[in-house]
2 protein chains.
Amino acid sequence: MAANSRVTIAAHALAWMELARRRGREVLTSEEVAASVNTNAVIVRRSLGDLQRAGLVRARRGNGAGYSLARSATEITLLDVWLAVSPEPLLALHHCEPNLECPVGRGIRPVLTDLYDEATDTFRAALARSTVADILQRILA
Amino acid sequence: MAANSRVTIAAHALAWMELARRRGREVLTSEEVAASVNTNAVIVRRSLGDLQRAGLVRARRGNGAGYSLARSATEITLLDVWLAVSPEPLLALHHCEPNLECPVGRGIRPVLTDLYDEATDTFRAALARSTVADILQRILA
DNA sequence: GGCAAAAGTAACCATCACTGTTACGTTCGG
DNA sequence: CCGAACGTAACAGTGATGGTTACTTTTGCC
C-alpha cells in the first residue's frame with residue numbers, strides 16, 4: 001500500500017458528482033458515491049469531509065441530505081484535490097538528526113529540502129493543469 | 001512516516017562518499033556511513049545494496065572492504081537515486097476495482113493513470129536536474 | 001591455511017499510515 | 001417527533017518502514 005489512493009477516490013467522487021449534476025441530481029449521498037467507487041460509505045464521508053474542509057464540496061445534513069459541488073467542475077483542479085486529501089510530503093528528510101560533526105550531516109538538510117520542494121512544485125503544477133471537468137470529459141469520450 | 005526518507009539516506013551516503021573520496025578515502029564501510037547519517041549500519045547496507053543493484057556504487061567484501069562510487073559524482077543524479085531506492089509510485093489507483101456499471105467507474109482508471117504518469121514524469125525530470133556533485137557543492141558552499 | 005574484517009541477509013519487533021467496518025451521536029427536513 | 005444521512009470515534013487487519021541482533025559469506029593479509 002503506502003501509495004496514495006486518496007486522490008483517486010476523491011477525484012472519482014467529484015467526477016461522479018458532476019456527472020450526476022448534469023443528469024439533474026444535484027445532491028448525492030455518501031452511499032451513492034460509495035457504490036460507484038466500490039468502497040465503504042465511511043471512507044467516502046471521510047474523503048468528502050476533507051474536500052469540504054478545503055471548500056470544494058458542500059455537505060448538507062438532516063433528512064434528504066448529501067454532498068454537492070461547492071463550485072464549478074471546471075474550477076476544481078487535481079491539485080486542489082491533492083492538497084485537500086494528501087497531508088504527507090512526497091519525500092522526507094532523516095527521521096533522526098544526522099551527525100552534525102560531519103560536514104555532510106551539517107549541511108545536507110537545507111539542500112535536500114530545497115530540491116525536494118522544487119520537484120514537488122513541478123509535480124503540483126502538473127496536477128494543476130487538469131480539472132474535474134477535464135477528467136469527466138475524457139472519461140465520457 | 002510513510003513518506004520516503006530513503007532517498008535522503010541514499011543521497012547523504014553518496015555525498016559523504018564523494019567528500020571522502022576527495023579527501024583520499026576511496027572506500028567507506030557501512031559503519032562509517034552510518035555514523036554520518038546517524039542510523040544503523042544494516043540500514044546503510046540495505047540502502048547501498050539498492051544503489052549497487054542500480055550500478056551507482058560498488059561494494060567490496062572481505063578484509064578492508066567497503067563501498068565506493070561506481071561512477072563520477074557528476075553523473076549520478078537524484079533521479080538515479082530515487083529510481084534505485086523508491087519502488088512505490090507517487091499516486092495509486094483504487095485498491096478495489098470500481099463499479100463498472102457506473103460510467104465513471106468504467107472510464108476513470110486510464111484517465112487518472114495518464115494524469116498521474118504525467119505528473120510523475122515532471123517530478124522525475126526535476127530530480128534529474130541535480131547530481132550528487134551539485135548537492136555536495138551546495139553543502140560545502 | 002587461518003584469522004579477522006566487513007558485506008549480505010534473514011528474522012524479528014515496534015511504529016505508523018491506511019482501509020475497512022461497526023456503532024453511535026448529531027443535524028435537520030418534513 | 002421521526003427518520004435519513006452526515007460526522008466521527010473506536011477497533012481490526014494489512015503492509016511499509018526503520019531499527020536491532022545475529023548469522024553466513026567473502027576475501028585480504030599474515
Side-chain angles (χ1 to χ4, degrees), chain A residues 1-10 12-13 17 25-35 37-54 56-68 70 85-98, chain B residues 1-10 12-13 17 25-35 37-54 56-68 70 85-98:
Chain A
M1 201 183 309
N4 248 330
S5 66
R6 289 191 181 186
V7 176
T8 297
I9 290 172
H12 186 146
M17 286 165 67
R25 301 232 26 223
E26 195 76 35
V27 172
L28 288 183
T29 68
S30 59
E31 290 287 349
E32 291 171 315
V33 174
V37 179
N38 193 21
T39 183
N40 192 288
V42 176
I43 302 295
V44 172
R45 272 179 255 156
R46 287 206 276 242
S47 177
L48 291 182
D50 288 337
L51 299 184
Q52 186 194 15
R53 249 162 267 128
L56 307 184
V57 305
R58 266 189 297 266
R60 251 172 307 183
R61 303 175 70 165
N63 200 341
Y67 298 92
S68 56
V85 302
S86 250
E88 297 286 333
L90 295 177
L91 297 169
L93 293 186
H94 314 67
H95 293 175
C96 296
E97 184 171 79
Chain B
M1 203 183 308
N4 250 331
S5 66
R6 291 191 179 187
V7 176
T8 298
I9 291 172
H12 186 146
M17 286 165 66
R25 301 231 27 222
E26 195 75 35
V27 172
L28 289 183
T29 69
S30 59
E31 291 286 350
E32 290 170 315
V33 174
V37 179
N38 193 21
T39 183
N40 193 286
V42 175
I43 303 295
V44 172
R45 290 201 284 264
R46 289 206 275 240
S47 176
L48 291 182
D50 288 336
L51 298 184
Q52 186 192 17
R53 250 162 267 130
L56 307 185
V57 305
R58 266 189 296 267
R60 252 172 306 183
R61 303 175 69 163
N63 200 343
Y67 298 91
S68 56
V85 302
S86 248
E88 297 286 333
L90 294 179
L91 297 169
L93 293 186
H94 314 68
H95 293 173
C96 296
E97 184 171 79

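- The distance between atom CD of A:Glu31 and atom C1' of C:dT22, rounded to the nearest whole Å, is 13 Å.
- In this structure, B:Thr29 does not reach the C:dA6 phosphate: none of its side-chain N or O atoms is under 4.0 Å from OP1 or OP2.
- The 5' end of DNA chain D is approached more closely, in terms of each residue's nearest nucleotide, by A:Arg46 than by the other of B:Ile9 and A:Arg46.
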Base contacts versus sugar-phosphate-only contacts with protein, heavy atoms under 4.0 Å: please encode nucleotides 22-30 of chain D as B, S and - from 5' to 3'. B--BBBB--
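- As judged by a 4.0 angstrom heavy-atom cut-off over every strand, B:Glu32 is placed among residues making no nucleic acid contact.
- Remark: A:Ser30 is in phosphate contact with D:dC6, judged by side-chain N or O atoms under 4.0 Å from OP1 or OP2.
- Rounded to an integer number of Å, the gap from B:Asn40 CG to C:dA6 C1' is 14 Å.
- Remark: C1' of C:dG8 and CZ of B:Arg58 are 19 Å apart, rounded to the nearest angstrom.
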Would you be so kind as to tabulate the donor-acceptor pairs closer than 3.5 Å made by side chains of residues 37-46 of chain B, with sequence neighbours excluded?
| from | atom 1 | to | atom 2 | distance (Å) |
| --- | --- | --- | --- | --- |
| B:Asn38 | ND2 | A:Glu97 | O | 2.7 |
| B:Asn40 | OD1 | B:Val42 | N | 2.8 |
| B:Arg45 | NH1 | B:Ser30 | OG | 3.1 |

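- For A:Asn4 and C:dT19, the CG to C1' distance is 12 Å, given to the nearest whole Å.
- Across all strands shown, B:Gly49 has no heavy atoms under 4.0 Å from either base or sugar-phosphate atoms.
- Contact check, B:Thr39 against D:dG18: no side-chain N or O comes under 4.0 Å of OP1 or OP2.
- Note that the CE atom of B:Met17 and the NE2 atom of B:His12 stand 12.0 Å from one another [nearest 0.5 Å].
- At whole-Å resolution of the value, CD1 in B:Ile43 and P in D:dT20 are 8 Å apart.
- B:Gln52 has a side-chain polar atom (N or O) that falls below the 4.0 Å cut-off from OP1 or OP2 of C:dG8.
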Could you check A:Ile9 against A:Arg6 for side-chain contact (heavy atoms from CB on, under 4.5 Å), going step by step and ending with a plain yes or no? CA-CA 5 Å; A:Ile9 290 172; A:Arg6 289 191 181 186; 5.8 Å; no
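- Rounded to whole angstrom, the span from the NE2 atom of A:His95 across to the C1' atom of D:dA16 amounts to 11 Å.
- Note that CD of B:Gln52 and OG of B:Ser68 are 9.5 Å apart. Values are rounded to the nearest 0.5 Å.
- If you take CD on B:Glu32 and OG1 on B:Thr29, they are separated by 3.5 Å, rounding to the nearest 0.5 Å.
- Remark: the backbone N or O of A:Ala92 is paired with a side-chain donor or acceptor of B:Thr8 at under 3.5 angstrom.
- Inter-residue side-chain proximity for B:Val85 and B:Leu51 is flagged as met; some heavy-atom pair is nearer than 4.5 Å.
- Remark: C1' of C:dT19 and CD of A:Glu88 are 15 Å apart, rounded to the nearest angstrom.
- Taking atom NE2 of residue A:His94 and atom C1' of nucleotide D:dG19, one finds them 16 Å apart after rounding to whole Å.
- In terms of phosphate contacts, A:Ser5 brings no side-chain nitrogen or oxygen within less than 4.0 Å of OP1 or OP2 of C:dC18.
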